[in-house]
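Only heavy atoms go into these numbers, but all of them, side chains included; no hydrogens, no water, no symmetry mates.
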Amino acid sequence: MKRRQFITNSALGLGAIAINPIPGFAFGAPYNSNRPPLNKRSFLSKAVEETINTVMPAIKDAELAWLFDNCYPNTLDTTVKFSIRDGKPDTFIITGDIDAMWLRDSTAQVWPYLHLVNSDPDLKKLFIGLINRQSNSIQFDPYANAFNDGPIGSYWETDMTDMKPELHERKWEIDSLCYPVRLAFHYWKETGDETPFDESWLKTAKLIVKTFKEQQRKEDKGPYSFMRVTEKATDTVTGNGFGNPIKPNGLICSAFRPSDDATIYLFLVPSNYFAVVSLRQMAEMASKIYNNADFAAVCNELADEVDQALKTHAIVEHPKFGKVIPFEVDGFGNALFMDDANIPSLLSLPYLGAFDVNDPLYQNTRKLLLSDSNPWYFEGKAASGIGGPHVGVDMIWPMSIIMQAKTSTDENEIIQCLRWLKNTHAGTGFMHETFHKDDPTKFTRSWFAWANTLFGELIVTLHRDRPHLLNQIL
């Protein structure tokens with residue numbers, strides 16, 4: 001896919017930000033900044049630059065500081081197209097080296113900046129614009145995972161599903177509808193601003209609930225199916241496009257995982273937990289913003305149903321780890337013991353607000369995931385971490401190492417994760433999609449903004465909660 005860079009409207013302050021050098025940091029190669037020149041950055045945020053200038057001096061390890069400086073602003077530097085459309089902010093965010101916007105990735109890419117919106121009006125407009133764009137995209141097609149910036153067509157336009165030129169890809173993934181709720185809810189909580197939440201957004205929320213209910217498949221298979229002519233088994237859906245058989249039980253079917261790989265058992269457990277969180281968030285917004293008790297009750301009722309189904313069908317006795325959460329189930333009693341690095345993952349459940357990190361069920365599951373009982377956990381000379389079928393065996397996702405650190409209460413484990421991340425960027429100064437467990441120079445995707453900003457989020461969180469961990473050489 002062809003890459004492109006976007007330059008923001010000058011009304012958002014292109015020349016208004018002073019980029020201050022970090023005292024004691026500008027010591028030249030090999031740690032020269034890899035950020036684009038100021039006039040080539042796609043969006044500028046004074047608050048983000050101030051955060052970089054605050055955090056950088058607190059990082060004693062020069063290479064780690066360099067990684068943070070490159071990675072944390074990468075979404076804003078390289079992936080944003082902001083405009084005013086029909087009198088409202090509109091934000092389109094590409095994932096990096098693929099020139100399309102994923103509902104999941106676009107939320108995750110800006111998430112690390114959310115706590116700064118009250119101190120930066122331009123950044124606040126960016127968030128409002130993304131809420132608007134995501135809402136419109138869902139109304140266009142609630143089953144699509146990735147969108148074009150207009151009806152330009154796609155490499156995947158021959159997929160056997162209801163493809164349209166506005167879609168980049170149409171893989172049904174539960175989390176594609178959860179991430180926009182996460183963004184909207186927490187934006188509202190952070191700012192108290194209700195301006196993005198008009199009748200159109202409420203229409204979107206109702207469509208999300210409708211789609212979740214369709215994919216409970218209680219009466220039929222629903223309107224969605226997908227097949228692709230491909231040599232890669234995980235890129236198409238079995239069962240004539242509807243997936244393997246399931247026994248309806250209240251859980252929601254997901255044809256694909258957040259990795260964009262097809263599920264084996266359609267009840268993708270971490271995404272169902274994410275859906276419960278999102279439904280409860282929509283219920284609160286319906287009640288407090290819209291004064292719509294009826295829709296709030298609908299959201300809570302569905303959340304209760306899915307939550308109970310998870311308790312009944314997605315807690316399984318493992319011979320080594322006791323009661324754990326499987327990755328996928330089918331309602332017939334079959335369960336898949338594994339995890340995938342992409343979020344929502346089982347490892348990420350506390351990060352998404354679905355579990356307390358100290359919950360014994362989560363801790364049992366976490367021990368399984370970070371062991372050789374998880375077929376997609378790899379231990380190598382360079383690092384250890386979780387991968388997934390999307391890239392293949394022996395390829396670790398930095399995202400999983402970041403999430404391991406973010407869900408850890410063990411400071412030695414966190415330091416080890418930082419050390420792995422520092423030692424596996426292959427001299428590029430950025431996180432990658434994956435790297436080989438024994439040789440980090442074998443990696444995929446040199447421009448993957450989600451992984452970059454997630455790494456930045458980890459460093460900002462440590463600076464706030466455990467600053468002493470940054471005050472050492474790794």
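With contacts defined as side-chain heavy-atom distances shorter than 4.5 Å, the pair His436/Val391 does not qualify. Between Thr158 and Val229, the closest side-chain pair of non-hydrogen atoms is not below 4.5 Å. The shortest side-chain heavy-atom distance between Ile415 and Leu474 falls under the 4.5 Å cut-off. Asp330 places none of its side-chain heavy atoms less than 4.5 Å from the side chain of Asn244. Looking only at side-chain heavy atoms (C-beta outward), Tyr273 and Val277 stay at 4.5 Å or farther from each other. With a 4.5 Å cut-off on side-chain heavy atoms, Trp420 and Gln404 count as touching. At a threshold of 4.5 Å between non-hydrogen side-chain atoms, the residues Phe274 and Ile343 do not count as touching. Side-chain contact between Leu177 and Trp172 is present, with heavy atoms from C-beta onward closer than 4.5 Å.
For Glu301, the CD atom counts as loosely surrounded, since its 6.0 Å shell holds 12 or fewer non-hydrogen atoms of other residues, nucleotides or ligands. Annotation for Glu219: atom CD does not count as buried by contact number, only 12 or fewer foreign heavy atoms lying within 6.0 Å. For Lys210, the NZ atom sits in a loose shell: 12 or fewer heavy atoms of surrounding residues, nucleotides or ligands are nearer than 6.0 Å. Heavy atoms of other residues, nucleotides or ligands lying less than 6.0 angstrom from NZ of Lys189 number more than 12. Counting non-hydrogen atoms of other residues, nucleotides and ligands closer than 6.0 Å to NZ of Lys164 gives a total above 12. Other residues, nucleotides and ligands place more than 12 heavy atoms under 6.0 Å from the NZ atom of Lys422.
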- prompt: Thr441 and Asp439: side chain to side chain donor-acceptor pair (under 3.5 Å), yes or no, with the steps?
  reply: CA-CA 5 Å; Thr441 64; Asp439 183 1; 2.6 Å; yes
Verdict with supporting geometry, Met282 and Leu279, side-chain contact (heavy atoms from CB on, under 4.5 Å): CA-CA 5 Å; Met282 283 194 292; Leu279 286 163; 3.8 Å; yes
message: The test is side chain to side chain donor-acceptor pair (under 3.5 Å); show your working for Thr444 and Thr434 and say whether it passes.
response: CA-CA 5 Å; Thr444 59; Thr434 67; 2.7 Å; yes
task: Decide salt bridge (Lys or Arg N to Asp or Glu O under 4.0 Å) for Lys171 and Glu173; before the verdict, give the C-alpha distance in whole Å, the side-chain angles of both, and the deciding distance to 0.1 Å.
output: CA-CA 6 Å; Lys171 290 181 172 179; Glu173 302 160 3; 6.0 Å; no
task: Begin with the C-alpha distance, continue with both residues' side-chain angles, and end with the deciding distance and a verdict on salt bridge (Lys or Arg N to Asp or Glu O under 4.0 Å) for Lys442 and Asp394.
output: CA-CA 11 Å; Lys442 298 177 181 178; Asp394 292 337; over 6 Å; no
task: Would you check, one step at a time, whether the test side chain to side chain donor-acceptor pair (under 3.5 Å) holds for Thr312 with Gln308?
output: CA-CA 6 Å; Thr312 303; Gln308 185 56 53; 3.2 Å; yes
- prompt: Taking it one step at a time, do Phe226 and Tyr143 satisfy ring pair (Phe, Tyr, Trp, His ring centres under 6.0 Å)?
  reply: CA-CA 10 Å; Phe226 181 99; Tyr143 283 103; over 10 Å; no
message: Applying ring pair (Phe, Tyr, Trp, His ring centres under 6.0 Å) to Phe448 and Phe430, what does each step give before you reach the verdict?
response: CA-CA 9 Å; Phe448 185 30; Phe430 292 101; over 10 Å; no
- prompt: Passes salt bridge (Lys or Arg N to Asp or Glu O under 4.0 Å), Lys213 versus Glu305? Steps please.
  reply: CA-CA 11 Å; Lys213 287 186 174 183; Glu305 182 183 12; over 6 Å; no
message: Before you tell me yes or no, could you show the steps for His425 and Trp66 under ring pair (Phe, Tyr, Trp, His ring centres under 6.0 Å), namely the whole-Å CA-CA distance, both residues' side-chain angles and the distance that decides it to 0.1 Å?
response: CA-CA 12 Å; His425 63 90; Trp66 176 60; 5.6 Å; yes
field: Criterion side chain to side chain donor-acceptor pair (under 3.5 Å) on Ser154 and Glu169, from CA distance to verdict
entry: CA-CA 7 Å; Ser154 167; Glu169 196 170 46; over 6 Å; no
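Side-chain contact, Ser348 with Ser345: a donor N or O sits under 3.5 Å from an acceptor N or O. Looking only at atom types and distance, the side chain of Ser254 has no donor-acceptor partner in the side chain of Gln215 under 3.5 Å away. Between the side chains of Thr95 and Asp105, a donor-acceptor pair is found at a separation under 3.5 Å. With hydrogens and angles left out, the side-chain atoms of Asn145 and Asp260 include a donor and acceptor closer than 3.5 Å.
Between the CG atom of Asp99 and the CD1 atom of Ile94 there is a distance of 5.0 Å, given to the nearest 0.5 Å. Residue Leu470 holds its CG atom at 7.0 Å from CG of Leu418, rounded to the nearest 0.5 Å. Going from atom CD of Gln416 over to atom CD1 of Ile401 covers 9.0 Å, rounded to the nearest 0.5 Å. The CG atom of Leu251 sits 11.5 Å away from the OG atom of Ser271 when rounded to the nearest 0.5 Å. Once rounded to the nearest 0.5 Å, the distance linking NE2 of His390 with CG of Asn342 reads 7.5 Å. Distance check: Trp447 CH2 to Thr78 OG1 gives 5.0 Å after rounding to the nearest 0.5 Å.
Exactly one residue among Val209, Val181, Ile208 makes a side-chain contact (heavy atoms from CB on, under 4.5 Å) with Ser278. That residue is Val181. A salt bridge (Lys or Arg N to Asp or Glu O under 4.0 Å) with Glu413 is found for one member of Arg366, Arg466, Lys406 and no other, namely Arg366. Checked against Asp175 for a salt bridge (Lys or Arg N to Asp or Glu O under 4.0 Å), the options Arg104, Arg182, Arg257 give a single hit: Arg104.
The minimum heavy-atom distance between Ala108 and Thr453, with the atom names listed, is O-OG1, 4.3 Å. What you find for Leu116 and Tyr72 is that their closest heavy atoms are CD1-OH, 3.8 Å. Across all non-hydrogen atoms, the minimal contact from Asn452 to Cys71 is O-CB, 3.3 Å. Of all heavy-atom pairs between Leu207 and Ile138, the closest is CD2-O, 3.4 Å. Taking every heavy atom of both residues into account, Pro258 and Leu268 meet most closely at CD-CD2, 3.8 Å. The two residues Trp201 and Ala184 make their nearest non-hydrogen contact at CZ2-CB, 3.6 Å.
Listed for the Asp438 side chain is a donor-acceptor partner under 3.5 Å among the backbone atoms of Lys381.
In this structure, Gln363 has no side chain to side chain donor-acceptor pair (under 3.5 Å) partners at least two apart in sequence or on a different chain. Legend: residues meeting side chain to side chain donor-acceptor pair (under 3.5 Å) with Thr428, ordered by chain and number and at least two apart, are His432.
With salt bridges taken as basic N to acidic carboxylate O contacts below 4.0 Å, none links Arg170 and Glu157.
Note on residues 303-338: pairs passing ring-ring contact (aromatic ring centres under 6.0 Å, His included), not counting sequence neighbours, are His318-Phe321, His318-Phe337.
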